[in-house]
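Quick notes on the structure that follows.
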Protein chains: 2
Amino acid sequence: MDWELDKKRPLCPQICEQLCIMIARDDLKPGDKIMSVREVALMAQVTPNTVQKSYEQLEQQGVIYSRRGAGWFVSENQEIAQDVREQYIRSKTGDYIKDMQILGLSGDEIEKYVKEFINE
Amino acid sequence: MDWELDKKRPLCPQICEQLCIMIARDDLKPGDKIMSVREVALMAQVTPNTVQKSYEQLEQQGVIYSRRGAGWFVSENQEIAQDVREQYIRSKTGDYIKDMQILGLSGDEIEKYVKEFINE
DNA sequence: ATTACTGTATCAGTACAATAATACAGTTGG
DNA sequence: CCAACTGTATTATTGTACTGATACAGTAAT
């Protein structure tokens, strides 16, 4: 995982997304311990405070949870990981198709561009 | 055009993108007068100041230009509109494909999702 | 010329994200 | 037990985006 964040954009959403990607990729499995707020803060060059806030947001979505003093862990609920993956894919795909259709692109044109970029 | 911006995200980039979309769609053609900062401000529920700043950013990219007292206009350079369109499509497509591949999706899987969302 | 529109500039105030520093509390392994 | 790690909380500060108000200057049409 590359914890190189875009400092020009809000950091918390980026940290949340990175975590979600790792879960969606199954790099982090249900129940796994994840990196501490201080570890991530060091790698991502941000404040522990910022990571804490990001983790709390994911906790609120039920994706991860904390045990005081012990660390943060991926939710044991097996469905969550699959949900995170599906929602990520569908959200990104939906946004992308919508953007292209607003520009007036036909289905065939969209597929043409998609195929072009897959082969690289 | 729906000037309903997402107030939770930076407004200037959103205003810039809306303008670019209108140019890419050919709703605004080279040389066309575009809405004044005050008009857009009113419709988008933002400050004229914010629109001004957005316009200045697009001006720096050569997409639009101003004539003091007269208004803002789309660049007369015919290439610009085509560039805006192509760059928009390629940027979005590239980002999307990259996001999907990071998740480990194959080309076939990506195309499957794309086709699914086109039919809606 | 007057009027009503344009762009442009400035400044103070607000809201929020993130920093930086510090402290406290719970867990774990040697 | 103890040391080294965890999460959690607090406070003050910074940087930035945006607001709101106001003012000035150029354009264009009647």
Side-chain angles (χ1 to χ4, degrees), chain A residues 1-20 22-23 28 30-76, chain B residues 1 3-20 22-23 28-76:
Chain A
M1 182 48 55
D2 66 332
W3 286 100
E4 288 176 24
L5 307 180
D6 181 352
K7 295 293 177 65
K8 307 265 181 166
R9 289 194 322 229
L11 302 173
C12 283
Q14 294 185 67
I15 294 170
C16 289
E17 181 162 305
Q18 287 302 319
L19 249 296
C20 283
M22 293 174 78
I23 292 172
L28 290 176
D32 274 3
K33 187 176 191 303
I34 63 186
M35 290 161 293
S36 75
V37 292
R38 289 178 178 83
E39 273 181 318
V40 174
L42 211 63
M43 285 191 289
Q45 300 274 57
V46 298
T47 289
N49 219 325
T50 305
V51 182
Q52 172 77 13
K53 204 173 157 195
S54 307
Y55 278 14
E56 283 169 357
Q57 285 177 20
L58 287 178
E59 180 180 38
Q60 205 163 355
Q61 302 172 227
V63 179
I64 61 179
Y65 69 95
S66 68
R67 273 175 34 219
R68 189 187 184 96
W72 285 88
F73 305 82
V74 180
S75 164
E76 257 106 13
Chain B
M1 182 48 56
W3 287 100
E4 289 177 22
L5 308 181
D6 181 352
K7 296 293 177 66
K8 307 264 181 165
R9 288 193 323 224
L11 302 173
C12 284
Q14 294 184 68
I15 294 170
C16 289
E17 182 162 305
Q18 287 303 318
L19 248 297
C20 283
M22 294 173 77
I23 292 172
L28 290 176
K29 304 179 209 311
D32 274 3
K33 187 174 189 305
I34 63 186
M35 290 161 293
S36 74
V37 292
R38 289 178 178 82
E39 272 180 318
V40 174
L42 211 63
M43 285 191 287
Q45 300 275 57
V46 297
T47 290
N49 220 325
T50 305
V51 182
Q52 171 77 12
K53 203 173 157 194
S54 307
Y55 279 14
E56 283 170 357
Q57 286 177 21
L58 287 178
E59 181 180 39
Q60 205 163 356
Q61 301 171 227
V63 178
I64 61 179
Y65 69 94
S66 68
R67 274 175 32 219
R68 189 187 184 97
W72 284 88
F73 305 83
V74 179
S75 165
E76 258 105 13

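Between the NZ atom of K8(A) and the P atom of dG15(D) there is a distance of 14 Å, given to the nearest Å. Straight-line distance from the CZ atom of R67(B) to the P atom of dC5(C): 19 Å, rounded to whole Å. When the C1' atom of dT27(C) is taken as reference, atom OH of Y65(A) falls 14 Å away, rounded to whole Å. At whole-Å resolution of the value, CD in Q14(A) and P in dA18(C) are 9 Å apart. In this structure, CG of L42(B) is placed 11 Å from P of dT6(C), rounded to the nearest angstrom. At whole-Å resolution of the value, CD1 in I64(A) and C1' in dT6(D) are 14 Å apart. Taking atom CD of residue Q52(A) and atom P of nucleotide dG26(C), one finds them 15 Å apart after rounding to whole Å.
Pairs engaging residues 33-47 of chain B under the side chain to side chain donor-acceptor pair (under 3.5 Å) rule: none recorded [sequence neighbours left out].
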Identify every side-chain donor-acceptor pair in residues 1-10 of chain A under 3.5 Å, counting partners at least two apart or on other chains, and give the distances.
unit_1	atom_1	unit_2	atom_2	d
D6(A)	OD1	K8(A)	N	2.9

Considering only distance and modelled atom types, tabulate donor-acceptor pairs under 3.5 Å from the side chains of residues 56-67 of chain A, sequence neighbours left out.
unit_1	atom_1	unit_2	atom_2	d
E56(A)	OE2	Q52(A)	NE2	2.9
Y65(A)	OH	E76(A)	OE1	3.1
Y65(A)	OH	E76(A)	OE2	3.2

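Distance check, rounded to the nearest 0.5 Å: CD1 of I34(B) to CG of L19(B) gives 5.0 Å. Between the CG atom of L11(A) and the OG atom of S54(A) there is a distance of 8.0 Å, given to the nearest 0.5 Å. The CE atom of M35(A) lies 4.0 Å from the CE atom of M22(A); values are rounded to the nearest 0.5 Å.
The side chain of W72(B) places no N or O atom within less than 4.0 Å of a non-bridging phosphate oxygen (OP1 or OP2) of dT6(C). Checking the phosphate oxygens (OP1, OP2) of dT8(D), a side-chain nitrogen or oxygen of S66(A) falls inside 4.0 Å.
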- prompt: Where along nucleotides 18-25 of chain D does protein come under 4.0 Å, by heavy atom, of base (B) or sugar-phosphate alone (S), with - for untouched nucleotides?
  reply: SBBB-B-S
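Listed by residue number, there are no residues of residues 54-63 of chain B with a heavy-atom contact under 4.0 Å to DNA chain C.
Evaluation of the side-chain contact (heavy atoms from CB on, under 4.5 Å) rule for K29(B) yields D26(B), D32(B) as partners, not counting sequence neighbours.
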